Peer 1: 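Here it is, the structure in full.
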Amino acid sequence: MNQLIDAKNITLDPDKLVSHDKIATSMYSSLELFEQEQEKIFRKTWVWVAHASEVPDKGSFKLSKVGREPVIVVRDRKGNIHVMVNRCRHRAATVCEIHKGKTSSFQCPYHGWGYGLDGSLRALPYPEQYGDDFDKSQHGLLKLRTESYQGMIFATFNDDIEPLEDFLGAARKWIDLFMKQGGGFPVKTLGEHQFSVPMNWKVQLENTTDAYHFPIVHKSFLQSLDEEAEKTFTFLDGEGFVEDLGNGHSVMVMIPELVDLDADLDRKIPERFEALAQELRDEGYPEDQVRRIVRAVGGSGFNLNLFPNAACSMAFFRILTPVAVDRTDIRHIAIGMEGGPEAANRLRLRLHEHFQGPMGFGSPDDAEVWERIQRGVDGGAELPILVNRGIEKEFQGDAGPRGHVSDETGMRAAYAMWKRMMQE
Amino acid sequence: MNKTDTDNLLWQVTQFLWSEAAILDAKEYDAWLDLWQPEGLYILPIEDADDYAAVLNLCYDDDKMRRNRIKRFQDGFSISSAPPAITVRTLSRFVIDAVDGNTVVVSCGQHLVEDKFGRQRLWAANVRYTLTSTGSSFQIQEKVVRLLNSDGVLNSFSYLF
Ligand code: FES
Ligand SMILES: [Fe+2]
């Protein structure tokens with residue numbers, strides 16, 4: 001375990017960079033490796049690009065990224081969703097620079113080529129000069145294969161990859177559970193916090209499955225809660241676990257009693273949700289629905305980490321975008337209940353603001369330690385980064401190896417997938 | 001109001017807001033809390049809204065959240081604020097938007113430079129204050145700080161705007 005890594009002779013060989021119990025420092029700092037990851041991972045697998053509620057209507061669009069590549073996610077007139085590279089087929093200008101909105105077409109600002117909602121090239125000014133054999137059908141925006149699961153839209157450049165549902169595999173059960181936060185209503189996004197952190201993207205990938213840091217890094221958040229909530233979030237002594245779900249995905253259950261939000265509805269309503277419960281009762285919601293909504297508002301008791309860029313993290317979607325070897329953008333997307341009670345959605349918003357984003361009581365402390373990692377790897381290139389926590393006591397869970405909630409089982413799952421993809 | 005009254009008010013408001021800026025740069029947060037009316041709201045929006053309570057913001061603080069936030073800064077357990085970034089800010093371009101009895105609505109531009117790890121970042125914001133005149137000074141009823149690029153990718157903040 002305490003063996004050093006031969007940093008001088010470190011190659012780009014995935015087998016040498018990743019062992020089951022440790023990874024090499026250059027995993028966070030090698031520019032060459034970062035470039036390879038773009039080709040071998042972000043261009044080869046399913047990447048989360050949007051939630052269906054971000055493009056609710058015909059003509060709704062939203063800008064996103066697949067790896068570093070800018071894409072447009074758009075819903076066409078028939079309701080079908082397309083994901084295409086935001087780059088004109090003439091001489092490469094982006095055809096859209098508005099974050100989100102509604103449109104009937106995309107027109108390139110440079111020479112006016114016009115594209116339909118499905119990316120097809122519709123018209124171009126003065127086409128005569130291109131001659132008779134110019135084929136418009138060959139000059140549509142570059143399209144990605146697009147599939148959805150439970151409203152989560154994924155896209156890929158890889159036409160040969162397995163269907164999304166197979167790729168998600170054992171993670172689907174947890175996505176289904178996560179979506180119970182709709183409390184009987186469809187889940188919809190309620191806005192997002194975005195921030196950039198000077199760190200490699202894998203530092204973020206790891207963190208969603210790292211419960212070990214929670215009581216340390218988030219002590220000041222815990223101190224801002226009432227006693228009951230603080231107890232709920234003090235989960236390292238509990239019955240939680242981390243499980244490898246295959247394909248790099250993993251789940252970290254922190255609060256087991258909040259795994260299935262439809263179960264145990266007669267459980268006592270936590271103090272901090274009493275006012276909401278009363279408000280809903282006053283609005284005329286029957287008691288069982290009040291309890292279901294209130295339980296949903298509190299969020300799920302687990303983090304689901306989806307390789308390589310998404311997470312269903314307790315009460316929000318966490319999306320990462322690799323920007324450079326030492327820079328990663330993060331989106332924390334708030335979710336709520338489509339058509340649900342206003343009071344419930346408002347409380348969701350306040351809870352999201354409490355922890356997440358540039359001014360949350362949690363994210364800034366996370367960002368600080370992630371940046372510390374990137375600063376730390378400037379030294380000691382021969383030292384390993386340890387992901388061996390709990391390796392001895394791991395046992396077979398429902399879908400794969402399972403360890404204690406604070407174990408690094410989820411990181412080992414992600415790095416096994418990383419290695420598999422980088423070796424292909 | 002005649003011109004002298006308007007000029008006087010502008011000068012009083014300016015003095016108050018400059019002293020608030022100095023308090024925030026010095027991180028004298030207890031003094032900052034004293035500037036507020038208990039029902040006051042401190043908001044950093046992401047997008048414009050008629051009702052900020054109905055949308056996601058960077059921060060939407062009532063008295064309780066404001067005090068919790070200050071406590072977090074002061075207790076020393078938050079790694080991002082122990083130590084926090086150092087800030088130097090200026091407020092200018094004051095415009096009095098409305099005066100109604102004791103209430104004054106004033107807008108201004110703000111530039112803030114932060115330094116941490118020797119890395120400096122520059123932030124700019126439009127700020128709108130709703131102040132209540134107390135005769136000798138003012139209290140803050142509402143402060144809305146709209147950062148440039150508030151709906152884009154930001155960094156995390158270990159201080160207040
Ligand atoms: S680059 Fe788009 S029309 Fe020329
Ligand atoms: Fe964290």
Side-chain angles (χ1 to χ4, degrees), chain A residues 63 99-100 189-198 213 215-226 316 321 323 327-336 342-343 345-354 356-372 374-375, chain B residues 41-49 51-62 64-85 112 114 116-119 121 123 125 143 145-161:
Chain A
L63 299 186
H99 295 307
K100 62 184 177 192
T189 58
L190 298 176
E192 63 184 300
H193 290 138
Q194 300 181 69
F195 58 107
S196 189
V197 182
H213 82 288
I216 312 290
V217 171
H218 300 306
K219 192 177 173 80
S220 76
F221 166 75
L222 291 167
Q223 287 173 336
S224 73
L225 300 173
D226 65 47
F316 65 102
T321 306
V323 178
R327 180 158 295 279
T328 305
D329 287 353
I330 299 164
R331 302 169 62 192
H332 284 172
I333 304 172
I335 55 178
E342 176 80 16
N345 280 335
R346 283 185 186 220
L347 186 51
R348 292 280 305 199
L349 291 167
R350 299 293 89 79
L351 293 173
H352 192 85
E353 289 158 358
H354 187 171
Q356 315 301 340
M359 292 199 75
F361 287 24
S363 304
D365 294 328
D366 279 324
E368 171 91 11
V369 293
W370 301 333
E371 180 171 4
R372 294 286 195 98
Q374 203 65 38
R375 292 168 70 79
Chain B
L41 289 172
Y42 172 59
I43 305 169
L44 270 85
I46 293 173
E47 293 176 343
D48 289 330
D51 177 10
Y52 290 117
V55 295
L56 187 70
N57 305 286
L58 296 170
C59 130
Y60 182 90
D61 284 3
D62 56 11
K64 182 167 172 247
M65 272 299 274
R66 231 171 7 248
R67 287 176 191 282
N68 276 339
R69 189 179 295 280
I70 297 312
K71 188 169 180 305
R72 188 177 108 82
F73 284 159
Q74 292 175 334
D75 279 357
F77 294 112
S78 154
I79 179 77
S80 62
S81 37
L112 180 152
E114 63 153 90
K116 183 154 188 177
F117 300 141
R119 178 224 318 111
R121 290 175 173 147
W123 303 98
K143 178 177 178 183
V145 184
R146 181 73 190 269
L147 287 174
L148 292 189
N149 196 37
S150 60
D151 64 346
V153 180
L154 302 168
N155 296 108
S156 45
F157 303 119
S158 55
Y159 50 85
L160 299 179
F161 284 93

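Chain naming here is simple, since letters A, B, ... match the order of the sequence lines and numbering starts at 1 in each. This is a predicted model, so every value here is computed, not measured.
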Peer 1: If you apply the rule salt bridge (charged side-chain N to carboxylate O under 4.0 Å, His left out), what do you find for D151(B) with K100(A), and how did you get there?
Peer 2: CA-CA 11 Å; D151(B) 64 346; K100(A) 62 184 177 192; over 6 Å; no

Peer 1: Please rank D61(B), D75(B), N57(B) by heavy-atom pairs under 4.5 Å with chain A and give me the top one.
Peer 2: N57(B)

Peer 1: Most heavy-atom pairs under 4.5 angstrom with chain A, which of S150(B), G152(B), A82(B), G76(B)?
Peer 2: G152(B)

Peer 1: At what distance, to the nearest 0.5 angstrom, does CZ of R72(B) lie from NZ of K219(A)?
Peer 2: 14.0 Å

Peer 1: Quick check for you: among M65(B), R69(B), E47(B), K116(B), which has the greatest number of heavy-atom pairs under 4.5 Å with chain A?
Peer 2: R69(B)

Peer 1: Give the minimum heavy-atom separation between E368(A) and S80(B), together with the two atoms involved.
Peer 2: OE1-CA, 3.6 Å

Peer 1: With rounding to the nearest 0.5 angstrom, report the CE to OH distance, M359(A) to Y60(B).
Peer 2: 15.0 Å

Peer 1: Against chain B, label R372(A) side chain, backbone, both or neither, depending on which of its atoms sit under 4.5 Å from a heavy atom there.
Peer 2: side chain

Peer 1: In terms of heavy-atom pairs under 4.5 Å, which option from G362(A), S224(A), P364(A) contacts chain B the most?
Peer 2: P364(A)

Peer 1: Side chain to side chain contact (heavy atoms under 4.5 Å, CB included) for I46(B) and E353(A)? Distances and angles first, verdict last.
Peer 2: CA-CA 11 Å; I46(B) 293 173; E353(A) 289 158 358; over 6 Å; no

Peer 1: D51(B) versus chain A, heavy atoms under 4.5 Å apart: side chain, backbone, both or neither?
Peer 2: side chain

Peer 1: Can you tell which of D365(A), L349(A), L190(A), I330(A) has the highest number of heavy-atom pairs within less than 4.5 Å of chain B?
Peer 2: D365(A)

Peer 1: Need one label for H99(A): side chain, backbone, both or neither, based on atoms under 4.5 Å from any heavy atom in chain B.
Peer 2: side chain

Peer 1: What's the spacing between Q223(A) CD and F77(B) CZ if we round to 0.5 Å?
Peer 2: 5.0 Å

Peer 1: Under 4.5 Å heavy-atom distance to chain B, tell me which part of Q194(A) shows up: side chain, backbone, both or neither.
Peer 2: both

Peer 1: Look up atom NE2 in H193(A) and atom CG in L56(B), then write down how far apart they are to the nearest 0.5 Å.
Peer 2: 4.0 Å

Peer 1: What's the spacing between K71(B) NZ and F361(A) CZ if we round to 0.5 Å?
Peer 2: 10.5 Å

Peer 1: At a heavy-atom distance under 4.5 Å, which candidate from R350(A), E371(A), H352(A) has the highest pair count against chain B?
Peer 2: R350(A)

Peer 1: Taking only heavy atoms into account, what residues of residues 154-161 of chain B are found under 4.5 Å from chain A?
Peer 2: L154(B), N155(B), S156(B), F157(B), Y159(B), L160(B)

Peer 1: What is the minimum heavy-atom distance between R346(A) and A53(B), and which atoms define it?
Peer 2: NH1-CB, 3.4 Å

